[in-house]
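Heads up, the thing below is written out as structure tokens.
We name chains A, B, ... by the order of the sequence lines, and we start the count at 1 in each one. All figures in this text were calculated on a predicted structure; none of them were measured in a lab.
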Amino acid sequence: MITGADIVNLLSSTLISMVPILLASVGEIITEKSGVVNIGLEGIFIISSFAATVVAYYTSDPLLALFVGTIVGSLSGLLHGVISAYLNGDQIIAGVGFNSFAYGLALMIMVALWQSYGSSPTVKTLPMILVPMAGTTLYIPPLAVAALIIAVLVYYWLNKTRSGLKVRACGEDPRSAESMGINVRRTRLYATILGATLTGLGGAYLTVWWIGQFTKFISAGRGFIALANVAFSNWNPLLAILGALIFGFFSALSIFLPLKLQQIYHVQYTAQIYLFNTIPYIATLVIVAFIMKRVRMPRALGKPYIKE
Amino acid sequence: MPSKDGFFQKLRARFRARAQDYGMAALEVFLSAAIGFLAGAIALLVLGYDPLRVYEVLFSWGYTDVGYLLLKSTPLIMTAIAFSIPALAGVFNIGGESQLYVGALLGLLVAYYIHNAPLAIIVAILGGAGLGLFIALLRVYRGINEVITAIMVNWIMYWLLAYLVTGPFNNPKLPQQSVPVPKSAQIPMFSVVGVNIAGSFILAVIGALVIYYIVFYTKTGYIMRVSGLSPASAKYAGFSPEKAILTSMLIGGAAAGLGGALLVLGDVHSIDTTLSAVYGLGFTGIGIGLLGRNNPIGIIFAAIFFSGLLIGGQYVELFLNAPPNLSDFLIGVIVIALSIPYAYRFIISWIKRRRMTK
């Protein structure tokens, strides 16, 4: 029953939904390697996808929108970085607060601009790479290719270069890092901004390269799936690619499966559709539950660096 | 004879000993709220609304109907406790959301099929506690960060609940909602000196006091708090931080489950298919728990305060056409501001130093 076309379609959706998770995961790996945990990824997805939508709507320039959305991500990282690295704030609480703040802010502006409570008007999206295959078309988002390259580069940077070593030192043993002449606070700030920038790019992609519209459930837990992926990958950007592909596949499956089953059995699902929506979350939970035991997180992760 | 001191004398002595801590906490809470409202005013101004007018409506309409205010604060008290008790033991329970869903659903079903409110409440408490324990077990035995588990469980339960209220337990006469709680299993309102006090609110306050007693006056509570402050010291003292995590999540989940049952039996009496009756109560509870300084009694007041903001937010929308999500925004900024107590202490010590040099 499963045709070649089905497989190609499934592959397309896997690649499309992998992008934001991979970008956010790689970004969060950089942030966490420096010793800062940012659980506000969900909020960054929301606020940057919303900013991108606004820019795309008013300028009809999705590329500019992608850029602005990314910058909004950087600014979110600046906020979290200052709180975490300089104000010795509780990083988890700040992240939770940011998620609520971002959701509230995006929806407030949406209501003010468009008097709409659920979703924005649709906007123009950026093109995908189309490859005709097995009687259908394989969609490859160019950003998927870029995200893969970024993941490899970040792996190389963190593990094989001097500046990457400095970042890791701040997350493993900030006191020793300081005595080696590394400015721990500044390094952590930069790492947090960099991580949030990549997440912001992923968020902007959600609306101006994929869905073409902002909805209030736009991020749908993807920020937390990315956090799960960071742990799954054992803080390794190369393994994060594998994780993002797995999570992307299960997201794709949750859309593909009900369509296919309805087609095969000639039935019409109504409420049952909701059950298929649980697939990516159940898969994440199961995968993490079987893998987590062997991971080793940066030793100073989440702890403020307080000088004596 | 100090050993024969009454409860209130003890409480007073305790309060006096901690006066400075409480003063500091009150200051942090006040400053955070002030920052929240200031940021809110700026955002409103930029969006073209008059912040003074918005806040006037928010406060004058949010807190006028006391009975309604207390009714709406009921589930929030419980979800805040669901966050705070694990927080004292060093666990970050953001699963109050789904623990409340489970309580609401189980409470609804027991009430619908068996027409028995006390049984519905007990089943809801057990359901919430079970879900809380599940997250804690994964943390303790598989080392999985509870934040990740909780969010995944939240989404799984969200869609499961959406399925159940639109599918098997849908009300055929009113397809936009679930089967109802029958009259005989509803928790009534009581008229006390002209104010309608919800029975569910009274139960929530009793629940909060019981949990307050467990946390601050029993050995179980003591072990939880020590483990939260320093797992190493807890181990050294012969306590098990792992067991403290499990206990705290059990209590937290139970609280959220109770909150769900009280919401359904005492207020909404059915769950709508868009889940707007239950969605967000757990997340709001996090902010309330933090604002209440993880203290069940502080939480009762913080919940009433936030509940007024949420009610007032609806009037702001009605009268001024301003966005209702202002409350999410305010809560977010307040929580962010609460994450940096160090900064406030720094400011205060700086002011003190300046005064001394004068």
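Taking I273(A), I83(A), I39(A), I279(A) one by one and counting their heavy-atom pairs under 4.5 Å with chain B, the maximum is reached by I83(A). Chosen from N277(A), V111(A), L79(A), N99(A), the residue pairing most often with chain B at heavy-atom distances under 4.5 Å is N277(A). If you tally non-hydrogen atom pairs under 4.5 Å between each of G43(A), A220(A), A102(A) and chain B, the highest count goes to A220(A).
Note that OH of Y163(B) is 5.5 Å distant from CG of L275(A), once rounded to the nearest 0.5 Å. Put simply, CD1 on I92(A) and CD1 on I94(B) are 8.5 Å apart, with the number rounded to the nearest 0.5 Å. Atoms CG and OG1, on N170(B) and T270(A) in that order, are 9.5 Å from each other to the nearest 0.5 Å. Residue Y281(A) holds its OH atom at 7.0 Å from CH2 of W159(B), rounded to the nearest 0.5 Å. To the nearest 0.5 Å, atom OG1 of residue T273(B) and atom OH of residue Y274(A) are 6.5 Å apart. With rounding to the nearest 0.5 Å, the separation of CD1 in I282(A) from CD1 in I156(B) is 4.5 Å.
Residue contact with chain B, scored on non-hydrogen atoms closer than 4.5 Å, is absent for L113(A). Looking at Q272(A), the atoms closer than 4.5 Å to chain B (heavy atoms on both sides) sit in the backbone and in the side chain alike. Of the two parts of F276(A), neither the backbone nor the side chain holds a non-hydrogen atom closer than 4.5 Å to a non-hydrogen atom of chain B. Residue contact with chain A, scored on non-hydrogen atoms closer than 4.5 Å, involves the side chain of L290(B) exclusively. For L105(A), the parts lying near chain B are the backbone and the side chain together; criterion is any non-hydrogen pair under 4.5 Å. Of the atoms belonging to F92(B), it is side-chain heavy atoms, and not backbone ones, that fall under 4.5 Å from chain A. Proximity to chain A (any heavy atom under 4.5 Å) is shown, for L326(B), by both the backbone and the side chain.
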Please report the C-alpha distance between E317(B) and Y117(A) in whole Å, then the side-chain angles of each, then the deciding distance to 0.1 Å, and finally whether the side-chain contact (heavy atoms from CB on, under 4.5 Å) criterion is met. CA-CA 12 Å; E317(B) 188 190 352; Y117(A) 297 93; 3.0 Å; yes
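For the pair V335(B) and G97(A), the tightest heavy-atom approach, listed with the atom from each and the gap, is CG1-CA, 3.5 Å. The nearest pair of heavy atoms linking I336(B) to A94(A) is CG1-O, 3.8 Å. Of all heavy-atom pairs spanning L47(B) and A112(A), the tightest one is CD2-CB, 4.1 Å. The shortest heavy-atom contact between G221(A) and M152(B) is O-CE, 4.4 Å. In terms of heavy atoms, L138(B) sits closest to A289(A) at CD2-CB, 4.5 Å. Minimum interatomic distance between G104(A) and D328(B) (heavy atoms only, all atoms of both residues): CA-CB, 3.6 Å.
Put simply, the residue from T149(B), I144(B), I151(B) that forms a side chain to side chain contact (heavy atoms under 4.5 Å, CB included) with L285(A) is T149(B).
Ring geometry for Y279(B) versus F217(A): interplanar angle over 60°, hence perpendicular rather than tilted (30 to 60°).
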